Every structure is written in structure tokens, then in C-alpha cells.
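Notes follow the structure.
Just follow the structure's listing: the first ligand is 1, and inside any ligand the first atom is 1. Bear in mind the structure is a predicted one, so any value in this text is a computation, not a measurement. Only heavy atoms go into these numbers, but all of them, side chains included; no hydrogens, no water, no symmetry mates.
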Amino acid sequence: MSLGAVLVDLKFSRDAVKSALDGAFAGREVVDLGDEANQGRDLSGIPYAVLWKPDPFLLERAKDLKVIFSGGAGVDHILSNYDLPDIPIVRFVDRSLTDRMSEWVVLQCLAHLRRLPDYIRQQRSAVWYDIEPQPEARDVTVGIMGLGVLGLDSLRKLKVMGFNVIGWSRGKKHIEDVDTYDAASLEAFLGKTDILVGLLPLTSETKGLYNARLFSRLRQGGALGKPVFINAGRGGSQVEADLAKALSSGILGGASLDVFEREPLGTDSPLWAFDTVIITPHAAASSDVQALFRHAENQIARFERSESLEHVVDRKAGY
Ligand code: NDP
Ligand code: OXD
């Protein structure tokens, strides 16, 4: 009996996909839609698909799918764009992706704590000036919105650096030595937060959540003087016009942004011009394509042994 084929449509670097496919999915036919030769192909009969921002009509053509694997941790790229069949969608959960995200989050929190944007500006003008005061991590409360795989790992690593960390999630979490808040306690959470870290999925509930009202509820006058906004979840959760206003008016003291309402961020965005804003191009935690294929192989093996799939998206919650 031949093993079920795998459809691959990943809008990642072509070289990364091609090299990761070498030796992946042993014994199975792989239909890589990045390969010109597969463009008009009949996709019926294929049970598995590994997708990142797939072509709009793909799911109409691949009618026999049994499981979809997201090429990343987020699934809004699939859920928001397609009339999806009622089959499991599996998120990508992976050590390397998680480590990369925590590295990015810790880096950004430390950059704002240690005034890196100010020192880089001084360096450009050959200014030697020791900025005071110099709060320590323990003087600063980082509030993480989203206590999932990525939020929890970032929380743990920020605590190792000495930050006081609190967390907010849809359902209440119990984490030793950490104050946690559920959806209903947002105001209380914001009022204690000096650095806000967004690690939420994009859903109908989180769309536009980081707006003027939310920024105005963050703690003013903490150890950093003004609150800082850091977002690596999804850009659709932030209202960029409100963010630019909050930065100009001094409601926010700075920001680090990896995700944007529209990507790539337009050259006309006012966000580029702020000295206190650090921008990265949705690069906080890119998927390692080899690890992605290993994860899909493991989950396919579980599925074919009639074991339950891991990291399945709750379609109703949207993540
Ligand atoms: P998880 O699904 O593991 O965690 C999501 C968290 O968000 C959970 O704690 C969940 O609450 C919380 N949440 C969801 N909706 C709400 C809501 N309405 N109100 C309050 N809390 C909510 O996701 P991950 O941690 O793996 O990933 C998070 C997001 O990070 C991804 O969806 C993706 O958008 C983004 N991402 C960005 C990357 C980048 O490079 N910039 C790379 C990878 C991911 P509860 O625990 O109660 O369910
Ligand atoms: C993801 C991403 O969701 O890279 O994995 O944004």
C-alpha cells in the first residue's frame, strides 16, 4: 500500500524549502507547489498539506485533504482566508521557534531597559553621555499578553534576567511566583505593566486590541518613566495610527515591533521615523523548515497509528 502524499505550499525562502525537502517524507510522494512543474497539477487524492499563506484556490483543488499543517505557529493565514473543510489544522510548535521568539523578546526588553535606542542615537553623533537613572530589571514589570507556548517560555526567560513578570490570557493560568490575569482583568493587568509584550494570536477578539485606550491604561511613571510596547504576535492586533500618536504624545516611551497591520511595512509608515522604535521584518521567530517537516512527519505517523494529533487548532476560538 502506498503512503499518503504530502502537498507543500510554503511562501518561505525557496532555497530553504528545497533543501529541507531533500530526504523529508521518506516513501511518500511530495507535491511542492513552489516547483513550476506542479502548477496545474491534479491535487485530488492528497491527504496531507503543509501550508504557509497558500494560494487562494488551493483548497478547492485539494479536495481530499485529511490534515493541514500550518507552516508557522500562527494560523490566521489559513483561518481568515479560506472556506475550510472540517479537518484538523495543526499548529507548528517547535523548540527552535520557541527559543528564537524568547531570544527576541528578552533582547527587546533589555534594549529598552538599557536605553539602547538612546545610546545608538548618541553614538551616531559621537556623544559620550551616561544616561541616568539606570533601573535594573527587577524594578520593571513586564506584562505578557498571551501565555501560550511562546508567552510562557518568554516569561520564564525574562524572570531569569530578573524582570518582574506578570501575564494575561483568555483563561486564568496558575504559574508559581507569577501574578496572572484573565480576560476580565485586563485593566488591572495594564495598570501594573511597564513593558507590554504582545504574544497573542490574531482572532476576532484580539483584532485591534492594542489601541489608544489600551496604551492609555499602561502604568505611567514606573522605573522607565513611560511604558514601552513590544509586539511579536500579529500586526492585526495593533492600531498603528494610535500607536504612532501614543509615541508622539509621550503616552508610550518606545516600542519594538516585529509584526504590522500590512506586511511589508510601507515606506510611508510614520513608525520608521521614531528613534525609540525598533523594527524587525517579521523575523522574531522564523520557522526552521527542516524542523517543520520533521514535526509534520511525526504528526502524520501519529495520525496513521490512529493516535490523537497534537497542537490542533480550536476552530471556534480561532487559535
Ligand atoms: P498559543 O496558542 O500557544 O497561545 C496563545 C495565547 O493567547 C494563550 O495563552 C491564549 O489564552 C491567549 N489568547 C488567545 N486569545 C485571547 C484573548 N481573546 N484574550 C486573552 N488571551 C488570549 O500560541 P503561541 O504562543 O504558540 O503563539 C502566539 C502567536 O505568536 C501566534 O498565534 C502567532 O500569531 C505569533 N507568532 C509570531 C511569530 C513571529 O515571528 N513574529 C512567530 C510565531 C508565532 P489561553 O491560554 O487562555 O488559551
Ligand atoms: C508564525 C510566524 O506564526 O512566523 O510562526 O509568524
Side-chain angles (χ1 to χ4, degrees), residues 10-13 16 50-54 68-80 89-105 107-108 143-157 165-175 178 180-190 196-210 214 230-238 256-261 263-265 278-289 291-292 295-296 310-319:
L10 293 170
K11 305 300 185 308
F12 293 156
S13 133
V50 189
L51 308 176
W52 183 252
K53 301 185 180 170
I68 292 176
F69 298 96
S70 169
V75 287
D76 51 295
H77 67 105
I78 307 175
L79 294 188
S80 55
I89 298 172
V90 175
R91 284 173 0 93
F92 183 35
V93 173
D94 171 58
R95 185 214 40 90
S96 73
L97 188 150
T98 305
D99 282 351
R100 283 174 177 171
M101 180 58 86
S102 299
E103 288 164 8
W104 187 90
V105 169
L107 172 73
Q108 302 309 324
I144 303 182
M145 294 181 78
L147 296 177
V149 175
L150 303 181
L152 286 175
D153 195 65
S154 296
L155 181 151
R156 207 166 46 77
K157 290 170 181 168
V165 190
I166 61 176
W168 183 80
S169 55
R170 204 154 67 105
K172 174 85 172 157
K173 294 263 177 310
H174 298 279
I175 306 168
V178 176
T180 54
Y181 299 78
D182 63 9
S185 321
L186 181 59
E187 299 270 326
F189 163 83
L190 295 172
L196 181 68
V197 173
L199 284 173
L200 288 169
L202 181 61
T203 68
S204 56
E205 286 181 11
T206 64
K207 190 167 190 292
L209 184 62
Y210 309 124
L214 180 142
I230 294 178
N231 190 14
R234 280 292 180 264
S237 298
Q238 75 205 9
S256 290
L257 306 168
D258 185 58
V259 289
F260 299 89
E261 286 174 22
E263 294 176 5
L265 181 64
I278 298 172
I279 288 177
T280 52
H282 200 139
S286 304
S287 297
D288 172 326
V289 192
L292 170 64
H295 145 90
E310 296 169 310
H311 318 302
V312 175
V313 172
D314 174 344
R315 295 278 282 274
K316 197 147 164 273
Y319 65 97

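- Shown in contact with R234 at under 4.0 Å from a heavy atom are these atoms of ligand 2, numbered in order with element: 1 (C), 2 (C), 3 (O), 6 (O).
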What verdict does the side chain to side chain contact (heavy atoms under 4.5 Å, CB included) test give for R156 and V165, after you've listed the backbone C-alpha separation in whole Å, the side-chain angles of each residue and the deciding distance to 0.1 Å? CA-CA 9 Å; R156 207 166 46 77; V165 190; over 6 Å; no

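- More than 12 heavy atoms of other shown residues, nucleotides or ligands fall within 6.0 angstrom of atom NZ in K11.
- Among the atoms of A73, some N or O lies under 3.5 angstrom from an N or O of ligand 2.
- Just one residue in the list H282, R234, Q238 forms a side chain to side chain contact (heavy atoms under 4.5 Å, CB included) with F260, and that residue is Q238.
- Among the candidates I89, D94, V93, the single residue satisfying the side chain to side chain contact (heavy atoms under 4.5 Å, CB included) test with H311 is V93.
- Shown here are the side-chain contact (heavy atoms from CB on, under 4.5 Å) partners of S286, two or more places apart in sequence or in another chain: R100.
- Looking at ligand 2, you'll find an N or O of H282 within less than 3.5 Å of one of its N or O atoms.
- Polar contact with ligand 2: absent for L97 (N/O pair, distance under 3.5 Å).
- Remark: the D99 side chain and the S96 side chain contain no N/O donor-acceptor pair separated by less than 3.5 Å.
- Contact annotation: for W52 versus ligand 2, heavy atoms closer than 4.0 Å belong to the side chain alone.
- A distance-only check finds no donor-acceptor pair linking the side chain of S256 to the backbone of I230 [under 3.5 Å].
- Residues L10 and V50 are in side-chain contact: their nearest non-hydrogen atoms beyond the backbone lie under 4.5 Å apart.
- Protein residues having a heavy atom under 4.0 Å from any atom of ligand 1 are A73, G74, R91, L97, M101, G146, L147, G148, V149, L150, W168, S169, R170, G171, K173, L199, L200, P201, E205, T206, A232, G233, R234, D258, V259, H282, A284, A285, Y319, listed by chain and number.
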